[in-house]
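This one's a predicted model, so the numbers in the text were calculated from it and none came from an experiment. Residue numbers start from 1 in every chain, and the chains themselves are labelled A, B, ... in the order their sequence lines are given, proteins ahead of strands.
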Amino acid sequence: MKPSPFEYHAPRSLDEALGVLAEEAGAKVLAGGQSLIPLLNMRLAAPAHLVDINRVAELDTIEVSERGVLVGALARHTVVERAADAARVQPLLREAIRHVAHPVIRNRGTVVGSLAHADPAAELPAVLAVLGGEVEAASARGRRTIAAGEFFLGPLESALDPDELAIAAFFPAAPPRTGTAFLETARRHGDYALAGVAALVTLDEDLRVSGARAGYLGVGAVPLVIDLAEPAAAAQAGRPPGTLDWSAAAAFARERVDPESDIHADASYRRHLVGVLTERAMGAATAAAFEGVR
Amino acid sequence: MSTRMFGEPIPRREDPRLLTGQGRYLDDLGRDALAAAFVRSPHAHARIIDIDVAGALDVEGLVAVYTWEDLPGRVGEPLPLLIPHPSLTHGRTAYPLARDVVRHVGEPVVMVVARDRYLAEDAAGMIRVEYEPLPPVVGIENAARADHLVHDDVPGNVGAVLLQETGDVAAAIEHAPHVLEFRLDIERSASTPLEGRGVYARWDADDESLRVYSSTQASTSVRAAIAARLGLPPGKVEVIAPDVGGGFGVKIVHPWPEEVLVPWAARLLGRELKWAEDRREHFVSAAHERGQVQHVKVGFDGAGRVLGLDVRILHDHGAYTPYGVIIPIVTSTQLLGPYKIGAYRAEVTSLYTNTVIVTPYRGAGRPQGVFCMERTMDRIADHLGLDRAEVREANFIGPDEFPYDQGLTFQDGRPLIYDSGDYPELLRKIKELIGWDGFAGVRSAAAAKGRRIGIGLGCYVEGTGVGPYEGGHVEIDSTGRVNVSTGLTSQGQGHQTVFAQIAATELGVPIEDVHVTTGDTRRFGYAVGTFASRAAVMSGNAIALASRKVREKALRIAAEALEADPRDLDITDGVVHVKGDPGSAIPLRTVAVLSNPLRYAFDEEAARATQFAVGGSPEDPPVASGDEPGLEGKDYYSPVRSTFAAGMHAAVVEIDPDTAEIHILRYAVVHDCGRLINPMVVEGQIHGGVAQGIGGALYERMEYDESGQLLNASFMDFLMPYATEIPRVETDHLETLSPLNPLGIKGAGEAGVIPVSAVIASAIEDATAIPIAKMPLSPAELFHLMSARERMSQRILS
């Protein structure tokens, strides 16, 4: 469990980092290293070059505006988790990060690194997807913004080009009268989830549900977003505001996910979990939305 | 200050050092040593056609590459079968490096030595081994079906058939008013200590001696094995177990291939050489345990008393049997627990599979035996509509029935005779601790709120402190320092604390003066090892006996110096004094000086000693016949047979009715290991054991696919529970002394783990009313059991 030989680069500026990425084909970017280092040690990945961006101070940023939260490539999970203004603008971010592994891993791992790693069982890709966020990519060729829907291509596969560095991710703010919830079921506390859901419920001025979306992790090749507006309508039909029945939404979601079996749980159990978690998360998000308007 | 330390919950003395990173583990040693890495088989079963090392030769820093053909004489012979047994008719062991055929993924094929481990792995990656795959045998029942063989010359894949029998079980069951038959399954798990195995060897060419550090549970036996394999006099081989980061059984196996190969190559190369196992290697090339299929047939009366119990067990021992049939013996004997069973028959068929070897892991066959018996008790209670605790009590051996002979032969080859115990009292205590009576009300109140909770119970008896012996050496030097040594090893048990408590109490010295050394053949040459919950019983008693010898000698010398009768003396805080006359006293450090007639005045203590006159007349030799210079003593403890600890666990679990997640709300343990040396250490052992038991009950399994690949060979996918998965463990003790040893103690090391699967299964069954026959149980599996039951009840309704 020692990595294959590689050339180590420790650029001190973004331009320098992008220069190395442009020159060295097959270079991998090292940020928090919580996924990459085990892959290297197990020799499941053997890049010839490693570009360690930990000295690129300009990437260690969190910018919070009313529009949303812009997280720089070196912002550690813990820092984002503890940023009170980020949690105010987009509570889902903090709620999800609390499910990312354990504190020591969150102290080192980065939010943007987790997105770039594109593990469909990870929490943050699902959050970015359900919020319709974006990844900002830079290369020596220039910069571009990649929408979440186009960023995740498959398991551990993102839309980043080999010479590109994900320099930031933008998590849009929650609209007014929106409640969020993040729930997952994992075998052990802090494990990758068997299934998980990031839920958003938005109320209109009459306190009727006007938007309901859920992002799912662990149940497909990429984070899956399901618009639950249709079952939401059924959920509140003939009911007073705040007493919604999300069981139809659960069934709706169950039919639209395509989980796989693995050694920890079979597909049918994961599908069942999607239903249970959907119902619970939508209920919790609805409650949070009402809480917000009170 | 009192110097009576025995029985006190003093904090572990080793912890400040270990918890602040001051420990010296195997890989902390030998910084400049060469490193070994191994090319291991990627196939579960294959013939080796060709090994091409050419690619590795270009790696800069490569020192040597060895295959089986390079191993001379005894180095290349199959590893020893440590514990032969008449039932093991077809025992087979591996070669240190595979010869012709590999029989499990992870079997070592080539050893690479290089300047460091990185380069060794680079070189190992360049070696091409050509294999001809052979059909793999994976899974206990596939092994039993024997469509394919693991060893060509072992028919039916059967290594051993072990029979344990007392009474006429067929007749007993035939005449029983009630009979039940069912099947139980337990999956594989493993010791998985945080520190893997490791060996570091250095050859001293001038002295023609070898020093080996090994992360082992049995340093004296590793020394004997290395000496034998390398053709060295044992006196020229030193083996030291440094700080060892956990063992839990896997490090009792010896010699591991690496323990032969690394010292051999270090000597051949004349260079220091080290191999530190990595986690992936540990999963596929160390050892696993637990996997069994059990077929149970039980006959009983209306009170739930077992009249006849017939158990047929299929046991998976992996690809080789270096450790013999210890696990089958332990399972089939310890299965009986605290009960007197009318007639009993257990037949264990121990089978070869193309998987990692199976050797004892904490509990060592007991968890499986207890699972079998406790599930049986629950089935009987369910069948008769009786309380589960009541059925157990109806079968208990009474407190007045000891010594109780179960009529079988235990793992030490001695009769299975329980020395002491009080099982009804243990049951009373556990019921009180967990709130057994009245739980029905708690359960139905929870059910009214849509919660599913259940309670479970499990009982066990654990044979501990197996022989043949351990020794202790105690020496008081002229600074008053008490050096205690014993040959068995430590892997975190707290020996530095409890052995010091024993010596301090026996000698009357402050515990701060006592320094304990374990597992170092330079200090103590004869030992058996640390396993089978034996360290406290064996070395604890040996150290007590050795301390008594030292005390006696100290009192004799002090009596002479103080012109008193030894019977009038006592030792307090390291000072010998006349009882009732504290002014007439002599410190032990001075006694130590007096004990040695050679008195060069190296220190003040020696000078001070001149005020006392000892040593008899000028006509006598300075060291009397039969006496020795120095204040030291050595003794051994060798028990006639094992001593039997016991305990009972109970748990309350909650099942999420939607997700089938299993939460342990409470876990309680009542334990009887005789006299407690240190209650805090015993509780720590129990807590750790329960944690491993919960791992085995709910999380851990070895996921082999049908081709024999281990799919979860990492801590990401092998679900060892985190602290977050372990509830607070509530404990209570009972102290039923063992009449077999001077200190009255019994072992405690494995107690925590033994009944956990049985207890959790019992509680889940109670919460869900679904029969649980298979452990571990995942939420996904429980969900499917619950869904199947729901479908069934809907069918009945419609």
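Most heavy-atom pairs under 4.5 Å with chain A, from the set B/N712, B/D122, B/D705: that is B/D122. Annotation: maximal heavy-atom pairing with chain A below 4.5 Å, among B/E661, B/M720, B/R280, occurs at B/R280.
With respect to the salt-bridge test (charged N to carboxylate O, under 4.0 angstrom), the residues A/R188 and B/E700 do not qualify. Ion pairing between a basic and an acidic side chain is recognised when a charged N comes within 4.0 Å of a carboxylate O; B/D656 and B/R452 show no such pairing. Checked for salt-bridge contact, B/D316 and B/R290 miss the test: no charged N lies under 4.0 Å from a carboxylate O.
Within the 4.5 angstrom heavy-atom criterion, atoms from both the backbone and the side chain of A/P3 approach chain B. Proximity to chain A involves both the backbone and the side chain of B/R279, based on heavy atoms less than 4.5 angstrom apart. Residue contact with chain A, scored on non-hydrogen atoms closer than 4.5 Å, is absent for B/L119. With a 4.5 angstrom heavy-atom cutoff, A/H272 touches chain B only via side-chain atoms. With a 4.5 Å cut-off on non-hydrogen atoms, A/L273 touches chain B through its side chain but not through its backbone. Contacts of B/E725 with chain A are made by side-chain atoms alone, with heavy-atom separations under 4.5 Å and no backbone atom involved. For A/R270, no part sits under 4.5 Å from any heavy atom of chain B, backbone or side chain. With a 4.5 Å cut-off on non-hydrogen atoms, B/D717 touches chain A through its backbone and its side chain both. Looking at B/P779, both its backbone and its side chain come within 4.5 Å of chain A, counting heavy atoms on both sides.
Among B/E281, B/E277, B/E107, the single residue meeting the salt bridge (Lys or Arg N to Asp or Glu O under 4.0 Å) criterion with B/R40 is B/E281.
Aromatic rings from B/W275 and B/F38 are positioned such that their centres are separated by under 6.0 Å. Between B/F715 and B/F283, the gap from one ring centroid to the other is short of 6.0 Å. The distance between the ring centers of A/F6 and A/H49 does not fall below 6.0 angstrom.
Using cut-offs of 30° and 60° on the angle between ring planes, the pair B/Y722 and A/H102 is perpendicular.
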